[in-house]
Amino acid sequence: AAVTTQLTHHTTLYRAREAERKKDLNWTLCFRAAAVLLGMVAVLVAVLYLARHGGLPSPYHAPCTDCNFTVVIDAAPSRTTLQIFAMRGTELAPHAASPHRYTSLTRKSPGIIYFVNRTETLKDYLSRFLSVAENATPKQKWARTPVYFWFTSSMRSRVEPQDLAQLRRTVEGEVQTSVF
């Protein structure tokens, strides 16, 4: 009788603990579900806010009025990268003390090597980069914004010097006819 009573007592305790564990598990699942739901609501509110207010704050919306800008177009055989730096102070070179990359654009394929002996299409290609630079910099800074066009060393070693000179003349002509 004592063994049966002890066994019944252990069974009752086991069932009570099991019931409490299930109850705790249910509460844990409820809390997790509530957290996921709140997270989804927060994301939805953020998306709606950004859609209504035009996206994240951007340097395009509030340009640095006391900054100087530098445009760097880096041409490689397989890609071309446009970088615009905003700097406070009088130094206009890209290696200034504390440049801040204002915006960047990379176009892969075709790289600049594609335009050897195709200078007419190079003008269209460059105009896209210069248009991005024009839209990213304040109009009153255009006249004082230098544009650097760099050919990578692999570009210089892959292209004949006379073809590279023709590319350079085309690039310089396009930059000179731009707003910069």
Side-chain angles (χ1 to χ4, degrees), residues 1-89 91-114 124-142 145 147-148 150 152-155:
V3 174
T4 305
T5 305
Q6 193 176 17
L7 187 59
T8 303
H9 178 68
H10 284 295
T11 303
T12 305
L13 283 176
Y14 174 76
R15 287 183 181 154
R17 285 183 190 147
E18 190 65 24
E20 188 151 329
R21 191 182 66 75
K22 284 182 181 179
K23 183 178 174 185
D24 288 343
L25 182 62
N26 286 339
W27 277 109
T28 302
L29 291 175
C30 285
F31 283 126
R32 285 184 182 169
V36 168
L37 185 61
L38 282 174
M40 290 171 58
V41 167
V43 168
L44 180 63
V45 167
V47 167
L48 291 174
Y49 176 83
L50 292 175
R52 182 165 190 201
H53 296 287
L56 292 172
S58 163
Y60 297 117
H61 298 291
C64 180
T65 56
D66 63 334
C67 288
N68 294 310
F69 294 87
T70 300
V71 176
V72 177
I73 301 173
D74 185 16
S78 62
R79 57 133 185 92
T80 303
T81 303
L82 166 78
Q83 295 185 44
I84 301 171
F85 295 93
M87 295 158 279
R88 285 191 162 67
E91 183 68 38
L92 291 176
H95 59 276
S98 60
H100 167 70
R101 184 165 45 189
Y102 192 62
T103 190
S104 178
L105 169 71
T106 299
R107 287 199 51 130
K108 295 183 179 182
S109 181
I112 197 78
I113 204 166
Y114 171 81
D124 293 335
Y125 184 76
L126 290 174
S127 69
R128 293 180 201 149
F129 287 98
L130 293 171
S131 175
V132 170
E134 183 180 331
N135 291 330
T137 55
K139 188 174 185 175
Q140 67 271 20
K141 299 287 184 173
W142 288 347
T145 300
V147 177
Y148 295 94
W150 295 337
T152 63
S153 60
S154 63
M155 182 68 189

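Note that this is a predicted model, so its numbers are computed, not measured. Values below: all heavy atoms of this structure, side chains included; hydrogens, waters and symmetry mates excluded.
- The distance from the CG atom of Leu82 to the CG atom of Asp74 is 10.5 Å, given to the nearest 0.5 Å.
- Across every non-hydrogen atom of Tyr125 and Thr80, the tightest pair is OH-OG1, 2.9 Å.
- Of the inter-residue distances, the one linking Ile84 atom CD1 with Phe129 atom CZ reads 11.0 Å to the nearest 0.5 angstrom.
- In terms of modelled atom types and a separation under 3.5 Å, the side chain of Ser127 and the main chain of Asp124 share a donor-acceptor contact.
- With rounding to the nearest 0.5 angstrom, the NZ atom of Lys139 is 13.5 Å from the OG1 atom of Thr145.
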